[in-house]
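Model, not experiment: these values are computed from the prediction. Position 1 is the first residue of the sequence; numbering continues from there.
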Amino acid sequence: MDRRSLPLARTVAAAAVLLFIGGLAGCDSGQRIYEEAVTEAEHGVALSLENTTTQTTDLLAERSAASEISTEDIISIFLTDARSYETEPLDAIQTRALFGMRENSDGSVTFSIFIVDSVYRASGLTTTSQSRHSCGEITGRFGEGVLSVEDLDCPPVFVQRAGDESVSLSMTGNAEKYGVSVGASP
């Protein structure tokens, strides 16, 4: 080996070691931002549910029948009125949508809802995008507010709207995981 190539070989070896160590550190950083993005997306779904149940409770206190709930009320709480999703194309869904509403024989009203949250994170050369979605039913009574939240399978069109990479969550399980209050038992 030529004497001149020895320092070059040492420099190349040192650079390879530094790149390897840097790569390992990047893996830790990549895992960390992935976990942060997952947590933030899941927490976003839980907080959106909490906000929705609070606003729905307020609405049920202000109205005395389902017929008094206007499209404007629905949009102000659920952001998207998607009740005609089976017959019409879905409009853009920001973070949540109402896709069903029914008055029950006991005087309560049930709202079928979809919630989605997406988070993008970058750190150095590492990026991640995480999306979580959930469907459920909020049931309450006029004058009493939200009494319960139940899990519901999302209709396929909403799963598609959430995106190929979105992960479905149990609405009640996710709310419990993040300590979100979602109403009282009837």
Side-chain angles (χ1 to χ4, degrees), residues 37-38 40-120 129-178 180-186:
V38 167
E40 191 170 335
E42 289 176 355
H43 194 236
V45 170
L47 287 176
S48 190
L49 175 62
E50 184 175 51
N51 292 337
T52 302
T53 58
T54 299
Q55 291 176 311
T56 303
T57 294
D58 293 345
L59 177 70
L60 293 172
E62 296 168 0
R63 306 292 187 272
S64 59
S67 61
E68 295 177 7
I69 298 174
S70 69
T71 301
E72 290 78 21
D73 293 329
I74 290 168
I75 291 171
S76 73
I77 295 171
F78 303 102
L79 305 179
T80 305
D81 182 355
R83 290 177 290 172
S84 59
Y85 76 93
E86 293 178 301
T87 58
E88 296 176 17
L90 278 178
D91 289 334
I93 296 174
Q94 296 173 32
T95 56
R96 56 188 186 250
L98 174 78
F99 64 88
M101 185 174 86
R102 70 177 182 275
E103 200 161 4
N104 303 309
S105 60
D106 64 358
S108 65
V109 63
T110 298
F111 303 92
S112 300
I113 63 170
F114 168 76
I115 298 174
V116 63
D117 195 17
S118 298
V119 175
Y120 175 81
S129 177
Q130 295 298 310
S131 180
R132 300 294 183 266
H133 66 275
S134 188
C135 287
E137 290 185 326
I138 299 173
T139 300
R141 281 198 167 79
F142 295 100
E144 295 180 41
V146 172
L147 301 174
S148 67
V149 175
E150 300 293 327
D151 291 322
L152 183 67
D153 289 335
C154 289
V157 68
F158 289 94
V159 173
Q160 290 170 350
R161 180 62 70 148
D164 293 338
E165 300 297 320
S166 186
V167 175
S168 180
L169 302 171
S170 158
M171 188 168 282
T172 56
N174 189 58
E176 186 176 301
K177 178 179 179 178
Y178 290 99
V180 169
S181 173
V182 292
S185 298

Are S166 and V159 side-chain neighbours, meaning at least one heavy-atom pair lies under 4.5 Å? no

Quick one: closest heavy-atom pair of Y178 and E42, and the distance? OH-OE1, 2.8 Å

With a 4.5 Å cut-off on side-chain heavy atoms, are T80 and F99 touching? no

Considering only heavy atoms from C-beta outward, does the side chain of M101 approach that of V109 to under 4.5 Å? yes

Could you tell me if the side chain of S129 sits less than 4.5 Å from the side chain of E165, heavy atoms only? no

Is there a side-chain contact between I74 and R83 (heavy atoms, below 4.5 Å)? yes

Check L49, L169, N174 against I115 for a side-chain contact (heavy atoms from CB on, under 4.5 Å) and give me the one that passes. L49

Test item: side-chain donor near acceptor, D73 and S70, under 3.5 Å: yes

Answer yes or no: is there a side-chain heavy-atom contact under 4.5 Å between I113 and R96? no

Closest non-hydrogen atom pair between L60 and R141, with its separation: CB-O, 3.7 Å

Looking only at heavy atoms, the pair that brings Q130 and V38 closest together is OE1-CG2, 3.6 Å

For T57, side chain to side chain contact (heavy atoms under 4.5 Å, CB included) partners two or more places apart: V146

